[in-house]
Amino acid sequence: MKKWMLLLSLEGGARQVSVSIAASFNSKLPPGTFHIFDCQKYLSTFLMLLKKRDETIAVDLLNQSLVVQCLQYSITHLFVPALCPITLFTLNLLKNLNITRIHWFFEDYKRANYWKDIIPGYSWFFAIQNDPIQHLCEINRCQFKYLPTATSDTVLSFSLQNNIYKKHTDVSFIGIPSEYRISFLEFLVQNGISLSIAGKGWDKYSGLLSKCIVENSWVDSIKMMEIVNYSRIALNLSVKHPNEEISSAQLSPRIFDILTSNTILLTEDVPLLYETLKNCYFHTFKSNENALTEIVSILRNYSVEMLFEKFTENKKIISADHTWNNRVDKIISLTA
């Protein structure tokens, strides 16, 4: 019988995703065949026990604990979500025990570059982008699969209860600040677009957008949906301008949540949109000026009655094809 060990990521959005994945695994696997290893709990405990704070030692102790638990529970499949501090040494030990090692890298490869070091230790590598990750997997004989993120049952339930008529701002944006994002959003404000902005790191910003910031710390999915649903348009922006490597530009996990809302998604025009969400309703742009033109056009022609059918169809597509349960089904079918 297959026995799975699933890790929970340390913090923030990665942890929220890993908790959702764990819930889906738990609902699908027989009792006694699924165990959770909470990286946050182990790392914080070891840091607390050490006389002198040393994260390297704490991570080493965490990895030793993981190996022991894999042996204790006779694990056959280890599932590691993004940003878990598991070393190549540990992965190679588990390889020698014939444990299938699976990683889901749901981060941008340009920002979290640890993937280069640990791919050789995995049997399977799922990612929200293709090359160059796929190429390195092929070199290391690691099975690769494009697998985008998804939305949760909690978000779907929230969307069904939301009032489609309450709109306070033109555009909402959720995410950390960056030079590209700040410049883009300031351009919109300068052209008369009202914004609601939230996300970790905006407390360090002081400028034209200050009056638009409604939350300056990390927001969970429900808080995000509350902000999104009170705007007519929800904006998806990359951290850096995607034009240089547009073929591998990622889809933000928030896209799937936005598509369950009663709000129009406006996002950068990137190839993965059409591969992943070809039947959904959304708007795209290729420049600041193009985005402004799209926003003005949407606002000028905005009609709840006309959009109701499109929002309803988006919800159907996302709930049928883009939930964590869908993704876990895919992972189990490919790797078990």
Problem - Residue pair Asn279 / Lys316, side-chain donor-acceptor N/O under 3.5 Å - result: no

Fill in the blank from the handout: Separation between CG (Asn325) and OG1 (Thr151), nearest 0.5 Å, reads 11.5 Å

Handout entry: Nearest heavy atoms of Asp257 and Met225, plus distance in Å
Key = O-CE, 3.4 Å

Problem - Nearest-0.5 Å distance that lies between atom OG in Ser261 and atom CZ in Phe311 - result: 6.5 Å

Practice task
Tell me, yes or no, whether the heavy-atom count around Tyr146 atom OH, taken from other residues, nucleotides or ligands under 6.0 Å, exceeds 12.
Solution key: yes

Handout entry: Cluster check Leu91, Leu97: I/L/V/M/F/W/Y, side chain < 4.5 angstrom
Key = yes

Handout entry: Heavy-atom side-chain proximity of Leu7 to Pro81 below 4.5 angstrom
Key = yes

Handout entry: More than 12 heavy atoms of other groups within 6.0 Å of His35 NE2
Key = yes

Exercise for the section: Evaluate the side-chain proximity of Asp170 to Leu195: yes if any heavy-atom separation is below 4.5 Å, no if none is. Expected result: no

Exercise for the section: Using the six-membered ring of Tyr122, assess whether NZ or CZ of Arg101 lies under 6.0 Å from its centre and within 45 degrees of the ring axis. Expected result: no

Handout entry: Leu235 vs Leu188 side-chain heavy atoms within contact, under 4.5 Å
Key = yes

Problem - Shortest non-hydrogen separation from Leu6 to Ser18 and the atoms involved - result: CD2-O, 4.1 Å

Problem - Connected via hydrophobic side-chain network under 4.5 Å: Leu83 and Leu88 - result: no

Fill in the blank from the handout: In terms of heavy-atom contacts, Leu78 and Cys70 come closest through CD1-SG, 4.3 Å

Practice task
Would you please say whether a donor-acceptor pair under 3.5 Å links the side chains of Thr90 and Thr87?
Solution key: yes

Problem - Ion pair check, Arg15 and Asp220, cut-off under 4.0 Å - result: no

Problem - Derivation of the side chain to side chain contact (heavy atoms under 4.5 Å, CB included) call for Lys28 and Val328 - result: CA-CA 9 Å; Lys28 295 177 180 296; Val328 169; 3.8 Å; yes

Practice task
With the side chain counted from C-beta on, respond yes when Asn63 and Val59 share a heavy-atom pair under 4.5 Å apart, and no when they do not.
Solution key: yes

Problem - Check: Pro148 and Arg327 side chains under 4.5 Å, non-hydrogen atoms - result: yes

Handout entry: Aromatic centroids of Tyr114 and His103 separated by under 6.0 Å
Key = yes

Practice task
Write down the atom of Gly13, the atom of Trp218, and the distance for their closest heavy-atom approach.
Solution key: N-NE1, 3.5 Å

Exercise for the section: Give the C-alpha distance, both sets of side-chain angles, the deciding distance and a yes or no for side chain to side chain contact (heavy atoms under 4.5 Å, CB included) between Ser221 and Gln16. Expected result: CA-CA 9 Å; Ser221 55; Gln16 181 173 293; 3.5 Å; yes

Problem - Phe126 ring center near Trp124 ring center (under 6.0 Å) - result: yes

Practice task
Could you tell me whether Arg53 and Glu55 have a side-chain N and a carboxylate O separated by less than 4.0 Å?
Solution key: yes

Practice task
Identify the residue among Phe25, Trp104, Phe106 that makes a ring-ring contact (aromatic ring centres under 6.0 Å, His included) with Trp324.
Solution key: Trp104

Practice task
Could you check Gln250 against Ser252 for side-chain hydrogen bond (donor to acceptor under 3.5 Å, both in side chains), going step by step and ending with a plain yes or no?
Solution key: CA-CA 6 Å; Gln250 71 169 111; Ser252 166; 5.9 Å; no

Exercise for the section: Please test Phe144 against Phe105 for ring-ring contact (aromatic ring centres under 6.0 Å, His included), starting from the C-alpha separation and ending with a verdict. Expected result: CA-CA 11 Å; Phe144 172 85; Phe105 185 67; over 10 Å; no

Handout entry: Shared hydrophobic cluster, Val239 / Phe285 (ILVMFWY, side-chain heavy atoms < 4.5 Å)
Key = no

Completion exercise
Note: Glu268 and Ser238 closest approach over all heavy atoms is OE1-OG, 2.7 Å

Exercise for the section: Taking atom CD of Glu11 as the centre, report whether more than 12 heavy atoms of other residues, nucleotides or ligands fall under 6.0 Å from it. Expected result: no

Practice task
Output yes when a side-chain donor or acceptor of Asn140 lies under 3.5 Å from a complementary backbone atom of Cys142, and no otherwise.
Solution key: no

Practice task
Treat each ILVMFWY residue as a node, draw an edge where side-chain heavy atoms are under 4.5 Å apart, and state whether Ile57 and Ile86 are in one component.
Solution key: yes

Exercise for the section: Working to the nearest 0.5 Å, report the span between CD1 of Ile227 and CD1 of Ile174. Expected result: 4.0 Å

Problem - Same cluster (ILVMFWY, side-chain, under 4.5 Å), Val304 and Leu299 - result: yes

Handout entry: Sidechain-backbone polar pair: Glu107 side chain, Ala82 backbone, donor-acceptor under 3.5 Å
Key = no

Problem - Lys41, NZ: over 12 other non-hydrogen atoms inside 6.0 angstrom - result: no

Handout entry: Leu259 and its side chain to side chain contact (heavy atoms under 4.5 Å, CB included) partner, picked from Ile264, Ile318, Ile317
Key = Ile318

Practice task
Taking the side chain as every heavy atom from C-beta outward, state whether Met5 and Gln69 have any atom pair closer than 4.5 Å.
Solution key: yes

Exercise for the section: May I ask you to check if Lys240 and Tyr180 form a cation-pi contact, with NZ or CZ under 6.0 angstrom from the six-membered ring centre and within 45° of the axis? Expected result: no

Practice task
With the side chain counted from C-beta on, respond yes when Leu266 and Val171 share a heavy-atom pair under 4.5 Å apart, and no when they do not.
Solution key: no

Exercise for the section: To the nearest 0.5 Å, tell me how far Lys204 NZ sits from Ile176 CD1. Expected result: 10.5 Å

Problem - Glu309 atom CD: more than 12 heavy-atom contacts under 6.0 Å - result: no

Exercise for the section: Could you check if a side-chain atom of Leu29 sits within less than 4.5 angstrom of a side-chain atom of Ile332, using non-hydrogen atoms only? Expected result: yes

Exercise for the section: Look only at the side chain of Asn236 and the backbone of Ile255, and say whether a donor-acceptor pair between them is shorter than 3.5 Å. Expected result: no

Exercise for the section: Measure the spacing between CD1 of Ile258 and CE of Met224 and express it to the nearest 0.5 Å. Expected result: 6.0 Å

Handout entry: Phe46 backbone acceptor or donor facing Tyr42 side chain under 3.5 Å
Key = no

Exercise for the section: Please lay out, stage by stage, how Lys52 and Asp54 fare under the test salt bridge (charged side-chain N to carboxylate O under 4.0 Å, His left out). Expected result: CA-CA 6 Å; Lys52 183 179 179 181; Asp54 190 320; over 6 Å; no

Handout entry: Thr263 side-chain N/O to Val228 backbone N/O, donor-acceptor pair under 3.5 Å
Key = yes

Practice task
Going by the side chain to side chain contact (heavy atoms under 4.5 Å, CB included) test, name the single residue among Leu292, Ile193, Leu208, Ile182 that passes it with Phe187.
Solution key: Leu292

Completion exercise
For Ser319 and Asn326, the nearest pair of non-hydrogen atoms, with its separation, is O-OD1, 4.4 Å

Practice task
Return yes if a side-chain donor-acceptor contact under 3.5 Å exists between Ser196 and Thr169, otherwise no.
Solution key: yes

Handout entry: Derivation and outcome, side chain to side chain contact (heavy atoms under 4.5 Å, CB included), residues Lys3 and Tyr73
Key = CA-CA 8 Å; Lys3 293 189 176 181; Tyr73 295 116; 5.5 Å; no

Exercise for the section: Decide yes or no on side chain to side chain contact (heavy atoms under 4.5 Å, CB included) for Leu277 and His322, but give the supporting numbers first. Expected result: CA-CA 9 Å; Leu277 298 165; His322 299 288; 3.8 Å; yes

Exercise for the section: Could you tell me the separation between the CD1 atom of Ile197 and the OG atom of Ser172, rounded to the nearest 0.5 Å? Expected result: 10.0 Å

